[in-house]
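Take a look at the structure set out below.
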There are 2 protein chains.
Amino acid sequence: MAADSLSLTFTALADPTRRAILARLSRGEATVNELAEPFAMSLQAVSKHLKVLERAGLVTRGRAAQWRPCRLETAPLEEVSDWLGRYHEQWEDRFDRLDEELLRIQNGTEGEQSHE
Amino acid sequence: MAADSLSLTFTALADPTRRAILARLSRGEATVNELAEPFAMSLQAVSKHLKVLERAGLVTRGRAAQWRPCRLETAPLEEVSDWLGRYHEQWEDRFDRLDEELLRIQNGTEGEQSHE
DNA sequence: TGTGTGATCAACCTAAGAGTTGAACAACTG
DNA sequence: CAGTTGTTCAACTCTTAGGTTGATCACACA
């Protein structure tokens, strides 16, 4: 079931509909109807997606009359960013190796002298 | 089903066992047995997890005799990092607002004059 | 007070995830 | 060749996810 925060966040982000909802919310608050409008699915389905996003802490909702305006919360994204940071080093290493390679080729310290 | 690359990656990252496997692989290649050792689950279950990671492109495997050494691939993580980047601005905005707030308090431009 | 609108709840379906066990395949080792 | 080790395949179970429809709740307005 994976109750930990990171798993809930990754689970929430694993669906393209939910990522689209987040993209929409990054441009400002929106009601459920507004959020559902672009999608070829029922309002209830979108409501469920919002629940998943809420469970992950990516969305909070207010209460204005009969509307429940949704707001984006970035804290879980920062958590993801922190997690990613542990691996950032590795792909930088890869780039570093690539850089070295390119540098060696540019400097002509390899292949220029004798063979090949 | 979500066949897009980001969804596959987030799905793969949504499980703590799989994230632990990635953490192990970040310290170097490992066989399936080595990867399975820390977990209280069958080898077959770990094998399935590896398939999910492979499907997302987070792991590739070699072939050395009867072993299938697993290697970490960071490309999908970079993709996640890029995706996150679109939201980075937002949480920096939040921090900026916090900074302004703190600055205002430090400068004493608020509250210092009369009330409270 | 009744009616239209925004949103959720509840029941249901189908498919996919995560785990199990048992059998099979592949490659080394005696 | 037989046996051992590493790994996967296949079939099964249980739970969750994503979607549907129909009913219900909550509020605004006339």
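Numbers restart at 1 for each chain; the letters A, B, ... are given by sequence-line order, proteins then strands.
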Could you tell me whether the phosphate oxygens of C:dG17, OP1 or OP2, come under 4.0 Å of any side-chain nitrogen or oxygen in B:R55?
yes
Please give, in whole Å, the distance from C:dT8 C1' to A:E54 CD?
12 Å
Do any side-chain nitrogens or oxygens of A:N33 fall under 4.0 Å of OP1 or OP2 in C:dT5?
no
If you check the B:R68 side chain, which of C:dA18, D:dT8, D:dG6 turns out closest?
D:dT8
Selection from C:dA18, C:dT8, C:dA23 that lies nearest to any side-chain heavy atom of A:Q44
C:dT8
Quick one, B:T31 and B:R68 - any side-chain contact, counting heavy atoms below 4.5 Å?
no
Rounded interatomic separation in angstrom, taking CG from A:L43 and P from C:dG6
9 Å
Can you measure A:E37 atom CD to C:dG6 atom C1' for me and round it to whole angstrom units?
15 Å
In whole Å, I'd like the distance from the CG atom of A:L50 to the P atom of D:dG19.
12 Å
Protein-nucleotide distance (A:D15, atom CG; C:dG17, atom C1'), rounded to Å:
15 Å
With a cut-off of less than 4.0 Å, is there a side-chain N or O of B:T11 near OP1 or OP2 of C:dG17?
no
Assign B:R63 to base, sugar-phosphate, or nothing according to its heavy-atom contacts below 4.0 angstrom with the strands shown.
nothing
Consider only side-chain N and O atoms of A:T60 and A:E73, and report whether a donor and an acceptor are under 3.5 Å apart.
yes
Considering just the side-chain nitrogens and oxygens of B:T31, establish if one lies under 4.0 Å of OP1 or OP2 belonging to D:dG6.
no
If you define the side chain from C-beta out and look only at heavy atoms, does anything of B:R86 sit under 4.5 Å from A:S26?
no
Interatomic distance where CG belongs to B:L35 and C1' belongs to D:dT7 [whole Å]:
12 Å
Side chain of B:K51 only, please: which of C:dA7, D:dC9, D:dT7 is the nearest?
D:dC9
Using a cut-off of strictly less than 4.0 Å, decide whether B:S42 has a side-chain nitrogen or oxygen near OP1 or OP2 of C:dT20.
yes
Would you tell me whether A:E79 and A:T9 have side-chain atoms, one donor and one acceptor, within less than 3.5 Å of each other?
no
Atom-pair distance (CZ on A:R18; P on D:dG18), nearest Å
4 Å
Do A:T11 and A:R55 have side-chain atoms, one donor and one acceptor, less than 3.5 Å apart?
no
Winner on side-chain proximity to A:K48, out of C:dA7, D:dT20, D:dT8, is D:dT20
A:M41, nearest nucleotide to its side chain (from D:dG19, C:dA18, C:dA7)
D:dG19
The criterion is side chain to side chain contact (heavy atoms under 4.5 Å, CB included); which residues satisfy it with A:E29, sequence neighbours excluded?
A:P69, A:R71
Which residue lies toward the 5' end of DNA chain C, A:W67 or B:Q66, if each is placed at its nearest nucleotide?
A:W67
Please determine if a side-chain N or O atom of A:H49 lies less than 4.0 Å away from the OP1 or OP2 oxygen of D:dA17.
no
Rounded interatomic separation in angstrom, taking CD from A:E34 and C1' from C:dA7:
13 Å
